[in-house]
Amino acid sequence: MIPPRPTILAATEWLSARARWHPLEFVFWIVAFAAIWLMPERHLILTEIAWLALFALSLDLILGYAGIISLGHAAFFGFGGYIAALLAKYEIVNEPVLALLIAGVGAMALGFVTSFLVLRGSDLTRLMVTLGVALLLRELANRYGWLTGGADGLQGAIIQPLFGTFRFDMFGHTGYAYSVTVLFILFLIARRLVNSPFGLSLMSVKGNPLRSSAIGISVDARLVAIYTIAAGYAGIAGALLAQTTAFASLEMFSFDRSADLLLVLIIGGAGYLYGGMIGAIIFKVMQDYLSALTPQYWPFWIGLVLVVIVLVGRDRITTWTTPFRRLAARLDWRAARRAAAASNEGQKP
Amino acid sequence: MTVVLETINLAKRFTGIIATNDVSLRIEKGARHALIGPNGAGKTTLINLLTGVMKPSGGRILLDGEDISDVPTHKRVRLGIVRTFQINQLFGDLTPLETIGLAVSERRGQGLDWWRIVGSRPDLVSESVGILERFHLTDVIEERTAVLPYGKQRLLEIAVAIACRPRVLLLDEPAAGVPEDERHEILSAVAALPDDVTVLLIEHDMDIVFSFADRISVLVNGALFVEGTPEEVARDARVKAVYLGEEPVDA
Ligand SMILES: Nc1ncnc2c1ncn2[C@@H]1O[C@H](COP(=O)(O)OP(=O)(O)OP(=O)(O)O)[C@@H](O)[C@H]1O
Ligand SMILES: [Mg+2]
C-alpha cells in the first residue's frame with residue numbers, strides 16, 4: 001500500500017479536529033451533571049435553564065447554521081408543550097419519556113409543513129412569516145378552549161413518574177436530572193449533525209445558496225430538513241417545560257418568548273452550539289437576579305440589552321465571543337500536541 | 001461528432017431588454033467552444049439559462065437530446081452541467097478544503113450523511129486534496145476562503161467545478177480581474193482540463209480565446225451573430241466591424 005501523502009494526513013487531521021471534544025466541553029457537562037447532586041436547592045431554576053438552553057439550541061440550528069431567522073420559534077415550543085400536557089391530562093401516554101418523543105415528532109411535523117413558508121424571501125419576510133405562524137397557533141389554542149383550556153391554560157395534568165419510578169417532585173430534583181439528560185442527548189446528536197457533511201452543507205447554504213445549488217445541493221431540501229429537526233428540538237423543549245410544571249399555557253406561543261429566545265442566542269453567540277446554553281444561563285440568572293432586585297424594571301433591563309446589541313451591531317456581537325474561543329483554543333493542550341505531531345509527520349522522509 | 005448540449009430558439013426577456021434572443025446553439029462532445037461578445041451581449045445570461053439559475057422566456061435546452069428545460073439547477077449539476085461564476089461565488093467562511101470536500105461528497109451523493117464526521121472518509125479526503133494539488137491550492141487549504149488572494153479564489157472557482165466532475169463545463173470569464181502576473185496560473189488550469197470534458201469558455205481576451213478554442217460563437221445583443229472555427233471567425237468582416245473593432249487578430 002502506498003502511504004498517504006503528508007498533505008492528506010494534515011488535511012484529515014485538520015478536518016477531524018473540528019469535531020474533536022475540547023477540554024472545556026467536558027468541564028461544561030461535568031458541571032451540568034454535578035449540579036444534580038451539588039446544587040439541589042437550585043434545581044427549579046436549573047430546570048428552566050435546561051429547557052431554555054434546548055430551545056436556544058434549536059434556534060441555533062436554524063439561525064447559526066442555516067441562516068434562517070425566526071421570530072416565531074415559540075410555535076413549536078408551545079405545540080410540543082401542549083402535546084405533552086394533553087397526553088398526560090387525558091392519560092393517553094403515561095410514560096413521560098414516550099410523551100416527550102411524541103411531542104418532538106408532532107412538532108417536527110408542524111415544522112415540516114411550515115418550513116415551506118420560510119424557503120423564500122428576505123430576513124424580514126421570514127421574521128413576519130414565523131411570527132404569523134406562532135400567532136396563528138396561539139389563536140387556535142385560544143379558540144379551542146374545550147381541548148386546551150383556553151386562556152386559563154391546560155390545568156390538571158398529572159405527570160406520572162419517569163419510567164414508573166422517579167416522581168416529579170416540587171423541588172425540581174427529578175425535573176432537573178431529566179431535563180439536563182434530555183438536553184445532553186439532543187446536544188450530542190446536534191453536535192454530530194453539525195460536524196457531518198450534512199452540517200457542512202447547511203453552512204454552505206447559509207453562506208451562498210447560489211453556489212450551493214451550483215455544486216448540486218438542493219438548497220430547499222436542506223432547509224426543510226434542518227427546519228424540521230429544529231422544530232422537533234423546540235417541541236421537546238416545550239414538552240420539558242410542560243412536564244416539569246404539569247402545565248401548558250397560551251404564553252408558550254407568545255411573541256415575547258420567541259423574542260427572548262433570539263436574545264438568549266445573541267447573548268451567547270450563534271453558530272457554535274454552546275451559545276444557546278451559555279445565553280440561557282446568563283439570561284435566566286440575570287432575570288432571576290434583576291427581577292428580585294427591581295421587579296418592575298426587569299423588562300427595561302432586557303430592553304437595554306437589546307438596544308446595546310443593536311447599537312454595537314450584529315456582526316460584532318457574534319464575534320465578541322472570539323477572544324474567549326481563542327483563549328479556549330490556547331487552553332487546549334491536546335491541540336498543541338497534535339499540531340506538533342502533525343508537523344513531525346510531515347517532515348518524515 | 002455528437003452534440004452534448006443544445007439550445008433551440010432559447011430566449012430570455014427582462015423588462016425592456018431581450019438578453020437572449022432566439023439562440024440556437026450546439027455544443028459538441030469534447031469541444032473547446034468559446035463564447036464571445038461585447039459587454040452586455042448576454043453571455044452570462046445564457047449560462048444562467050443553461051444551468052437553470054434563470055427560467056427561459058422561450059425555447060428549449062437539450063442535454064444528450066433530452067429536454068432539461070424544467071430540471072432544477074442542482075439536478076442539472078448531477079447530470080453533468082457545471083459552471084463557474086464571473087463574479088466569485090464561494091463560501092467565504094469555509095476553507096478550500098471544506099469547499100472541495102463538500103463538492104466531492106455531494107457529487108457522491110453523501111451530502112445527507114449526518115451521522116458521519118467530516119473527514120472520516122479517507123478516499124474523499126484524498127480525492128479532495130488531489131484536486132487542490134492540481135490547482136496549486138495546497139498551501140491555503142486550511143485558510144478561510146474570504147481572506148484568500150483574489151487569484152487563488154479564481155482558481156478555487158474552477159476547482160470546485162472540477163470537483164463536481166462535469167461533463168460540460170461552462171467557464172464564465174475565469175481570468176476576469178486577475179492581475180497579469182497571476183493569469184498564467186488560471187490559464188494553464190483551463191488548458192489542462194481533461195479532454196473528455198466539454199468546455200464552453202466565455203472570455204474577452206482574444207489571445208486566450210484563439211489559443212484555446214476550436215469553435216467560436218459570437219453573441220451580439222443577445223443573438224448569435226457568427227459561429228465557426230477560429231479561422232472563420234477571425235476572417236469574418238462583420239465580426240471585425242461589430243465586435244473586434246481595431247483589435248489585431250492573428251488566426
Ligand atoms: N437579472 C437581470 N435583470 C434584468 N436585466 C438583466 C439581468 N441580468 C442581466 N440583465 C441584462 O441583460 C443583458 C445581458 O447581461 P449579461 O450579464 O448576460 O451580459 P454579458 O454578456 O455576460 O456581459 P459581460 O461581458 O459584461 O459579463 C444586460 O443588458 C444586463 O443588464
Ligand atoms: Mg457576463
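These figures come from a predicted structure and were not determined experimentally. We name chains A, B, ... by the order of the sequence lines, and we start the count at 1 in each one. Values below: all heavy atoms of this structure, side chains included; hydrogens, waters and symmetry mates excluded.
Interface summary for chain A: among B:Asp113, B:Leu124, B:Val129, the most heavy-atom pairs under 4.5 angstrom belong to B:Asp113. For the set A:Gly207, A:Ser212, A:Gly199, the entry with the most heavy-atom pairs within less than 4.5 Å of chain B is A:Ser212. The candidate with the highest count of non-hydrogen atom pairs below 4.5 Å against chain A, out of B:Thr138, B:Asp93, B:Thr95, is B:Thr95. Among B:Leu90, B:Thr73, B:Ile117, the residue with the largest count of heavy-atom pairs under 4.5 Å with chain A is B:Ile117. Chain B forms more heavy-atom pairs under 4.5 Å with one residue of A:Ser218, A:Ala11, A:Ala221 than with any other, namely A:Ser218. The greatest number of non-hydrogen atom pairs below 4.5 Å with chain B, out of A:Thr12, A:Leu200, A:Val194, is found for A:Leu200. Each of B:Val53, B:Val118, B:Val160 has some count of heavy-atom pairs under 4.5 Å with chain A, and the biggest count is that of B:Val118.
Judged by distance alone, the side chain of A:Tyr65 and the main-chain N or O of A:Gly271 form a donor-acceptor pair under 3.5 Å. Counting only distance, with no hydrogens or angles, the side chain of B:Lys152 and the backbone of B:His136 share a donor-acceptor pair below 3.5 Å.
For the atom pair OG1 (B:Thr99) and CD1 (B:Ile141), the distance works out to 11.5 Å, reported to the nearest 0.5 Å.
Residue B:Arg13 qualifies as open at atom CZ: its count of foreign heavy atoms under 6.0 Å is 12 or below.
Residues B:Arg26 and B:His33 approach most closely at O-CE1, 3.7 Å, considering heavy atoms.
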